[in-house]
Amino acid sequence: MLNFGYCCINLTLQKSGVVTSRTMRKATFLEKGITYASQLALANVTDLKKIIEWNAAKNVKVFRVTSELFPWSSEYSLSDLPDYKRISDILLECGTLARVSNIRLSAHPSHFVKLASSKENVVKAAIKDLETHSEFFDLMGLEASHWNPLNIHIGCSFSEEASAKFCDNFYRLSPNLQKRLVVENDDKGSCYSVQQLHQYITEKIKTPITFDYFHHSFHTQGVPEREAALLAAQTWRDKLPLFHYSDSKKIYEEFSGNPRAHADYIYNKIVEHVPCDIDLEAKAKELALLKYRNN
DNA sequence: CATGGTCAAGTGGCA
DNA sequence: TGCCACTTGACCATG
């Protein structure tokens, strides 16, 4: 029932040059434009397929796809890419391989996605970014559901206004994107806890809650972990929840910096409060997953 | 060809 | 006021 996954990067394959987040700086994009962006995107999706093949071979059933497949995608439409046909074909191969291998794919659009922002230009950019994710999920042939979720944070301090803004803007999203979107609890006291997401977001727009164990530990609002996990789990209705887990680098790896920093590996036995899949947000990526699974 | 300084974006927290 | 962190380091000028 429960499967573990890892996020975006495969360190084993990376050593032989397999990466999915090739990008470029602004000056390079201005100089080389969409033609070069297309080349990088083609190389990225080509390598994405290799990672999914690796996952299938290693029986890894949950994987988060990078949000950097398409460099500077805010500046163009995917269908404008010169290599669009080849890219689409490879993405469909990726999605098909994932489906027949029963691998659950997801994505986590960046912290710059602020759907609750009071600035219209910020909201527009957020929508564009999210729609691009939904579009390449469509190109992979993934079903439009929370089985393949697009996970984001509310991204600002909790308030009635921000909550209303987020919910209003949710209805500006395309139907497939609405069916994929899920929201994650934050680790800062001023931001959205599981309870606040539930009351002010999910109650209104039915968006499932991604329970992040580590974030919750910094912002419980008095709700015990088990209770928060159960509250989040019930929002997924007929789909198995997809949660996030990481351990503190400061506590387990003699690191003196930010206690919120993620450790390379998993050190605790993860308490499975409910049936769910879990993304391990560990810096050692698939190595951390294999190590945890072998224990 | 290795490396370290630098790099699109929003927001909040902290020194 | 300015820097850091965040789902993920990668780019590229310099030596």
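Per chain, numbering begins at 1; letters A, B, ... match sequence-line order.
A donor-acceptor pair under 3.5 Å links the side-chain atoms of A:Thr202 to the main chain of A:Thr207, judged by distance alone. Panel note: side chain A:Gln195, backbone A:Val223; no donor-acceptor pair is recorded below 3.5 Å.
Donor-acceptor pairing under 3.5 Å is lacking for the side chains of A:His215 and A:Asn185.
Comparing the P positions of C:dT7 and B:dG12 gives an interatomic distance of 15 Å, to the nearest angstrom. Taking atom C1' on both nucleotides, C:dC6 is separated from B:dA8 by 15 Å, rounded to a whole Å. Using atom C1' as the reference point in both B:dA9 and C:dA5, the two lie 15 Å apart (nearest Å). One C1' atom belongs to B:dC7, the other to C:dC3, and the distance between them is 15 Å to the nearest Å.
Listed nucleotides: C:dA10, C:dC12, C:dT8. Nearest to the side chain of A:Met24: C:dC12. The side chain of A:Ile9 has C:dG9 as its nearest neighbour among C:dG9, B:dA8, C:dT7.
With respect to A:Lys179 and A:Glu143, no salt bridge is recorded, no charged nitrogen being found less than 4.0 Å from a carboxylate O. A salt bridge links A:Glu120 with A:Lys124: the closest approach of a Lys/Arg side-chain nitrogen to an acidic carboxylate oxygen falls below 4.0 angstrom. Between A:Lys285 and A:Asp264 there is no salt bridge, since no side-chain N of the basic residue sits under 4.0 Å from a carboxylate O of the acidic one.
Applying the 4.0 Å criterion to OP1 and OP2 of C:dA10, one finds that A:Ser21 has a side-chain N or O inside that range. OP1 or OP2 of C:dT7 has at least one side-chain nitrogen or oxygen of A:His215 nearer than 4.0 Å.
Using a 4.0 Å heavy-atom distance criterion, A:Gln14 is classed as a sugar-phosphate-only contact. Across all strands shown, A:Lys285 has heavy atoms under 4.0 Å from sugar-phosphate atoms exclusively, and none from any base. In this structure, A:Lys124 reaches neither bases nor backbone, as no heavy-atom distance under 4.0 Å exists between it and the strands shown. As judged by a 4.0 angstrom heavy-atom cut-off over every strand, A:His133 is placed among residues making no nucleic acid contact.
With the nearest nucleotide of DNA chain C identified for both A:Phe29 and A:Asp186, A:Asp186 has the one nearer the 5' end.
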Practice prompt. Let me have DNA chain B in dot-bracket notation, would you? Count Watson-Crick plus G-U wobble pairs, both distances under 3.5 Å, and use [ ] for pairs crossing earlier ones and | for inter-strand partners.
Written response: |||||||..||||||

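A distance of 6.0 Å or more separates the ring centres of A:Phe4 and A:Tyr245. Between A:His153 and A:Tyr192, the distance separating the two ring centers is not shorter than 6.0 angstrom.
Atom CG of A:Asn10 is separated from atom C1' of C:dG9 by 16 Å (rounded to the nearest Å). Between A:His244 atom NE2 and C:dC6 atom P the separation is 15 Å, expressed in whole Å. For A:Leu30 and B:dA8, the CG to P distance is 9 Å, given to the nearest whole Å. Here C:dG9 presents its C1' atom at 11 Å from CZ of A:Arg25, a figure rounded to the nearest Å. Rounded to whole Å, atom P of C:dT7 lies 14 Å from atom CD1 of A:Ile154. We find that OH of A:Tyr36 is positioned 7 Å from P of C:dC11, with the value rounded to whole Å. Here the P atom of nucleotide C:dC11 and the NZ atom of A:Lys26 are 18 Å apart, to the nearest Å. Across the protein-nucleic acid pair, A:Asp129 atom CG and C:dT8 atom C1' stand 13 Å apart, rounded to whole Å.
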Response to the item:
B/S/- along nucleotides 10-15 of chain B (protein heavy atoms under 4.0 Å) is BSSS--

Practice prompt. Show your working on ring pair (Phe, Tyr, Trp, His ring centres under 6.0 Å) between A:Tyr200 and A:Phe158 and close with a plain yes or no.
Written response: CA-CA 9 Å; A:Tyr200 294 91; A:Phe158 168 80; 4.7 Å; yes

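Under the 4.5 Å side-chain heavy-atom criterion for ILVMFWY residues, no single connected hydrophobic cluster contains both A:Leu289 and A:Phe214.
Counting only residues at least two apart or in different chains, ring pair (Phe, Tyr, Trp, His ring centres under 6.0 Å) contacts with residues 57-100 of chain A comprise A:Tyr6-A:Phe63, A:Phe29-A:Trp72, A:Phe70-A:Phe136.
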